[in-house]
Number of protein chains: 2
Amino acid sequence: MLAARRKLPRDVASGPEAEQRVVSAIVEAILDQKLAPGARLVERELALSSGASRLAIRNGLLRLAQSGLVELSPNKGATIATCGPREAREIFDARVLIESSLLTTLSEKASEDDIARLDAFVEDERQAYAAGRMQDARYLSRGFHLLIADLAGNRVLASFLRELINKQPLLSWTGNGSRSCFCGNQAHSEIVRAIAAGDASAAVALNVEHLRELERQLIADRGKALGVEQPSSGEAKAIAERPPKRARALSTKGAFDWRAKRDAAGVLAGKTRGAR
Amino acid sequence: MLAARRKLPRDVASGPEAEQRVVSAIVEAILDQKLAPGARLVERELALSSGASRLAIRNGLLRLAQSGLVELSPNKGATIATCGPREAREIFDARVLIESSLLTTLSEKASEDDIARLDAFVEDERQAYAAGRMQDARYLSRGFHLLIADLAGNRVLASFLRELINKQPLLSWTGNGSRSCFCGNQAHSEIVRAIAAGDASAAVALNVEHLRELERQLIADRGKALGVEQPSSGEAKAIAERPPKRARALSTKGAFDWRAKRDAAGVLAGKTRGAR
DNA sequence: AATCCGAAAATTGTTGACAATCAATTCGCG
DNA sequence: CGCGAATTGATTGTCAACAATTTTCGGATT
């Protein structure tokens, strides 16, 4: 194809800023389930559609690979990571462990201000949910757990947790849409009440149940997806079918939003020395 | 300096293999405390001394930055990461949390074979210690904790733990040598006995005490190294004297061993699809 | 003596071209 | 018509040169 041989345009953006934008866009696309596990990420395509240089793309993919969101096979390129049942279980277990610790810490030291922030957050979440803005609702739902990590104050654990949460769409991919990967708003509200009451063990118990419920949903969805296939979203099915050869992936066109709106990538940024 | 302008030799090694070697060598140098926090890592120097291409070095540094072992400042290069007291505490807390979970799991499911491997490992450790091979002793000492993670079976937590353990020399750097960052062999042996007895809570308690002891050592050492100074922001001050401009770092000459002997880097490798 | 400015050196960042590799297709041959 | 081997097209991997930036150092000025 001739188009593929064209040079990149002259006004390519590069530098850490462009790379960050690329990483964020890909993470967002994964979180919004616009990219299925196994989907191919071709460097030149990404470069052309994002306006970044190929090097920026390359480095971005390198970072994403390290955080486990994409898989790199030498000489074969990058694909969205797939996640087997075993790793899914391990991720859930790790989440339970880390969030339990964070909730315990937070329950013991939460200030009035912290509670207020949590309440406000849950309210935002509720509104988004009520208004049917599912994309935002999912985003906020993830944000709730990250907010807890933030308030608990351990940045190391917070960055681990973010990594785990970013991987969630990989486990819960069913090809049939948006049902899973979504926390009920009710549970979050109850957790906040337990924190406010200083009842660490209740907060932990509620959250564990909350996560286990998610896990059950995931298992159920996966079982269903493997049994009955839905023709309604044909393109999603096409890629989920694990093509034995090179996946003539569905066009990643339109999967990305290259303007970095939210900072979903977070931890993926390497630690850089303070501002200059 | 003219030498710095010379081109790289023709027989530069590249490819993922060379990059891996570079990363391993740097991680090892950090673990063996041959590189102080704040030390500069100049791309061309590394390339010349390792025989790898500058690109391989660059990508390696990128990976190391993501795992938090080095810091990258745009246009200013890479330095070994420094670690303030707050992050040190967070790292210890995270270690306690993760290792406690792993020990609980392992205590409940350890097979005869697992116990045998642990025993053999502790014996190796004891011998290295007795023979005064401190380098090996420290290596094995770290390996003990990683072996527990491995046997417990949760790879996600295991990779988190490895990342934390790799950072340990950054926190415990005192500039005066090798005293800290070293677990007494006795504690490990007791932990294995608790695991063998299936006594999870004892194993956890022993390990927590073990880690807290390490942390106390670290704080004591640091206090001694810094004198009465408040360690609020400057950590590497003792060794680097905090030059206002570019740190004329202590020579990194001889700090590296470019033959990859042990695979200390571990998790730093991005997830790659199965062998080809 | 201390400080500020500017040129030069050293270092990082980026580019475009090219080599190496892989998957798919086509061709040759039985 | 089937099957393996060479070919082709597309993609990743690497390099050496170039551009941009930062640091250093010498010298002039106060």
Side-chain angles (χ1 to χ4, degrees), chain A residues 1-20 22 39-49 51-62 64-65 70-79 243-249 251-252 270 272-273 275-276, chain B residues 1-20 22 39-49 51-62 64-65 70-79 243-249 252 270 272-276:
Chain A
M1 194 184 292
L2 289 179
R5 278 224 161 267
R6 267 201 306 249
K7 287 182 184 178
L8 294 167
R10 293 290 148 74
D11 57 346
V12 290
S14 50
E17 157 219 324
E19 180 185 319
Q20 184 56 42
V22 168
R40 283 200 35 177
L41 298 170
V42 179
E43 294 178 1
R44 180 173 280 118
E45 283 179 19
L46 296 176
L48 284 174
S49 66
S53 73
R54 211 184 118 206
L55 187 63
I57 302 288
R58 232 182 133 66
N59 289 339
L61 290 176
L62 223 67
L64 290 164
V70 315
E71 295 174 6
L72 291 179
S73 329
N75 284 321
K76 291 175 51 175
T79 60
K245 317 223 167 156
R246 181 174 279 190
R248 254 305 148 215
S251 69
T252 54
T272 56
R273 202 105 65 126
R276 44 294 213 20
Chain B
M1 190 187 291
L2 288 178
R5 278 227 160 268
R6 268 200 306 248
K7 286 182 185 177
L8 293 166
R10 294 292 146 74
D11 57 345
V12 290
S14 51
E17 156 220 321
E19 180 186 320
Q20 185 56 41
V22 168
R40 285 201 34 174
L41 298 170
V42 179
E43 293 179 4
R44 180 173 279 114
E45 284 178 17
L46 296 176
L48 284 174
S49 64
S53 74
R54 196 159 78 94
L55 189 63
I57 302 287
R58 235 182 131 66
N59 288 339
L61 291 176
L62 223 66
L64 290 164
V70 315
E71 296 174 7
L72 292 178
S73 331
N75 284 320
K76 291 176 44 176
T79 60
K245 314 212 170 168
R246 183 174 278 188
R248 249 310 147 213
T252 56
T272 56
R273 204 105 65 127
R276 43 303 207 14

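Naming: A, B, ... by sequence-line order, numbering from 1 per chain.
The side chain of Lys76(A) places no N or O atom within less than 4.0 Å of a non-bridging phosphate oxygen (OP1 or OP2) of dT21(C). The side chain of Ser53(B) places an N or O atom within less than 4.0 Å of a non-bridging phosphate oxygen (OP1 or OP2) of dC15(D). For the OP1/OP2 pair of dT12(D) and a distance below 4.0 Å, the side-chain nitrogens and oxygens of Arg44(A) include no atom meeting the criterion.
Picking from dT14(C), dT14(D), dT21(D) the nucleotide with the shortest atom distance to the side chain of Asn75(B) gives dT21(D).
In this model, no side-chain donor or acceptor of Arg54(A) finds a partner on the base of dG16(C) within 3.5 Å.
Taking atom CG on Asn59(A) and atom P on dT12(D), their separation rounds to 14 Å, with Å as the unit. Remark: C1' of dG13(D) and CD1 of Ile57(A) are 16 Å apart, rounded to the nearest angstrom. Between Leu61(A) atom CG and dG13(D) atom C1' there is a gap of 13 Å when expressed in whole angstrom units. Distance Leu72(A) CG to dT21(C) C1': 16 Å, rounded to the nearest Å. In this structure, Leu55(B) atom CG and dT12(D) atom P are separated by 15 Å, rounded to whole Å. Atom P of nucleotide dG16(C) and atom CZ of Arg58(A) are separated by 16 Å, given to the nearest angstrom. Look at CD on Glu43(B): it is 14 Å from C1' on dT22(D), rounded to the nearest Å. In this entry the distance linking CG of Leu62(A) with P of dG13(C) reads 15 Å, nearest Å.
Here the CG-CZ distance, from Leu48(B) to Arg54(B), works out to 11.0 Å after rounding to the nearest 0.5 Å. Taking CG of Leu62(B) as the start and CD1 of Ile57(B) as the end, the distance is 12.5 Å to the nearest 0.5 Å.
In plain terms, the two heavy atoms of Val70(B) and Leu61(B) that are nearest each other are CG2-O, 3.7 Å. For the pair Ala47(B) and Ser53(B), the tightest heavy-atom approach, listed with the atom from each and the gap, is CB-C, 4.3 Å.
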